[in-house]
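Working notes, structure below.
The sequence lines fix the lettering, A, B, ..., with proteins before strands; numbering per chain opens at 1.
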Protein chains: 2
Amino acid sequence: MVTRLPGDNLRTAQEGLTACFQGWSGSDFDPALCPVRGVLDRLGDKWTTLIVIALAAGPRRFSALRREIPDISKRMLAQTLRDLERDGLISREVFPTKPPSVEYRLTGLGESLLEPLNALIAWAQASQPDIAAARHAYDAAAAVEG
Amino acid sequence: MVTRLPGDNLRTAQEGLTACFQGWSGSDFDPALCPVRGVLDRLGDKWTTLIVIALAAGPRRFSALRREIPDISKRMLAQTLRDLERDGLISREVFPTKPPSVEYRLTGLGESLLEPLNALIAWAQASQPDIAAARHAYDAAAAVEG
DNA sequence: CAGAATCCAATAGGATACTG
DNA sequence: CAGTATCCTATTGGATTCTG
């Protein structure tokens with residue numbers, strides 16, 4: 001175990017991101033092929049992360065998810081679940097009851113997303129006051145200069 | 001320093017996300033007020049993360065960013081930079097040369113995003129083969145059943 | 001060079017109604 | 001219950017033109 005200085009994690013992250021970035025920022029590279037974009041586009045849509053977080057607590061049925069994410073429409077819930085299943089992040093199990101019930105749960109791959117996602121959420125929560133303050137200051141400055 | 005078992009980080013992430021989730025999944029809570037959604041919506045747009053990653057390597061000028069992200073339009077670059085500045089993640093410095101040049105750099109708050117972002121990118125890169133395989137399997141299965 | 005403004009196309013996503 | 005299908009609106013974002 002090495003001793004870690006305060007700026008150490010930051011430098012590691014800088015280097016990792018820079019190395020990654022240089023791999024696909026070359027002008028003759030097709031941006032559509034960049035795997036990072038593909039994955040982040042998914043995570044970036046309106047509902048994916050919410051559903052993953054909801055499923056982090058355990059398996060859920062379709063209507064249970066609807067209750068936990070009150071403002072999602074049936075359409076988008078069904079579609080996002082399908083996309084997540086297609087990407088192998090969640091699995092779908094149909095119980096042939098009557099009426100039928102369907103249970104969704106994270107796969108191992110889906111669970112592996114929880115750690116980096118948790119880090120990001122923690123950052124969002126910790127930074128939210130700073131961001132709000134910055135926005136307020138920016139808007140106030142913009143207002144005085146017309 | 002405690003010993004860490006293999007599943008330990010996962011459990012920590014599960015608990016953290018679940019606790020966070022329960023805070024705002026209550027049905028009488030206005031989803032628009034959820035700070036996590038606000039922040040993740042920003043990170044989820046098409047260009048924000050790309051720009052942050054580009055700036056992780058150091059300050060950049062407007063046209064340098066355009067070269068490094070070849071498929072961004074002037075409009076979206078300007079708009080995304082403005083939003084990032086408003087949120088306090090980057091700072092903007094104008095040099096009164098002629099013609100003018102403007103330099104953007106990450107603030108301390110912006111740098112603090114690099115670590116969680118790096119974790120997510122690393123996950124995306126590591127998981128990309130699994131995701132591609134899952135998609136292929138899903139599509140193949142969907143094809144046979146009509 | 002670094003934008004702002006305008007216009008327009010593509011997509012995301014909500015509401016509703018219908019099905020097994 | 002767990003979806004699908006259709007329609008429609010709002011937002012995103014590209015192309016182009018104009019300015020200091």
I'd like to know if the side chain of B:T107 reaches the main chain of B:L89, judged simply by a donor and an acceptor atom lying under 3.5 Å from each other, with no hydrogens or angles considered.
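Yes; at least one donor-acceptor contact below 3.5 Å.
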
Rounded distance (nearest 0.5 Å) linking atom [atom1] of [X] with atom [atom2] of [Y]:
{"X": "B:L106", "Y": "A:Q14", "atom1": "CG", "atom2": "CD", "value": "8.0 Å"}
{"X": "A:T48", "Y": "A:L81", "atom1": "OG1", "atom2": "CG", "value": "9.5 Å"}
{"X": "A:L55", "Y": "A:L65", "atom1": "CG", "atom2": "CG", "value": "5.0 Å"}
{"X": "B:D87", "Y": "A:I131", "atom1": "CG", "atom2": "CD1", "value": "5.5 Å"}
{"X": "B:F95", "Y": "B:R61", "atom1": "CZ", "atom2": "CZ", "value": "9.0 Å"}

Between which nucleotides of DNA chain D, 5' to 3', does chain A make heavy-atom contacts below 4.0 Å?
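Answer, 5' to 3': D:dC1 to D:dT6.
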
Touch class at under 4.0 angstrom, heavy-atom based, for [X] against every strand present:
{"X": "A:R82", "result": "sugar-phosphate"}
{"X": "B:R92", "result": "sugar-phosphate"}
{"X": "A:R75", "result": "base"}

Apply side chain to side chain contact (heavy atoms under 4.5 Å, CB included) to B:L10 and A:E111, showing your working.
CA-CA 7 Å; B:L10 171 58; A:E111 283 184 339; 3.7 Å; yes

Do A:T80 and A:D83 pair up side chain to side chain, a donor and an acceptor below 3.5 Å, judged on atom types alone?
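Absent: no donor and acceptor within the cut-off.
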
Determine, stepwise, if the pair A:K46 / A:M76 fulfils side chain to side chain contact (heavy atoms under 4.5 Å, CB included).
CA-CA 9 Å; A:K46 196 172 179 183; A:M76 289 315 296; over 6 Å; no

Residues 116-129 of chain B, side-chain donor-acceptor partners within the protein, below 3.5 Å, at least two apart:
unit_1: B:W123; atom_1: NE1; unit_2: A:S112; atom_2: O; d: 3.3
unit_1: B:W123; atom_1: NE1; unit_2: A:S112; atom_2: OG; d: 2.9
unit_1: B:W123; atom_1: NE1; unit_2: B:S127; atom_2: OG; d: 3.2
unit_1: B:S127; atom_1: OG; unit_2: B:W123; atom_2: O; d: 2.8

Between which nucleotides of DNA chain C, read 5' to 3', does contact with chain B run, using atoms under 4.0 Å from its heavy atoms?
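Under 4.0 Å from chain B, the extent on DNA chain C is C:dC1 to C:dT6.
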
Could you report the tightest heavy-atom contact between B:R86 and A:Y138, atom names first, then the distance?
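Shortest heavy-atom contact: CG-CD2, 3.4 Å.
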
Residue-level proximity of residues 93-101 of chain A to DNA chain C when a heavy atom falls under 4.0 Å
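A:P100, in order of number.
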
Check step by step if side-chain hydrogen bond (donor to acceptor under 3.5 Å, both in side chains) holds for B:N9 and B:T12.
CA-CA 5 Å; B:N9 289 326; B:T12 302; 5.2 Å; no

Partners passing side chain to side chain contact (heavy atoms under 4.5 Å, CB included) against A:R92 (at least two apart in sequence or in another chain)
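For A:R92 the side chain to side chain contact (heavy atoms under 4.5 Å, CB included) partners, ignoring immediate neighbours, are A:E85, A:V94, A:V102, A:Y104.
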
Degree of bending in the helix from C:dC1-D:dG20 to C:dG20-D:dC1 once both end axes are built from five pairs, to 10°
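Rounded value for the end-axis angle: 40°.
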
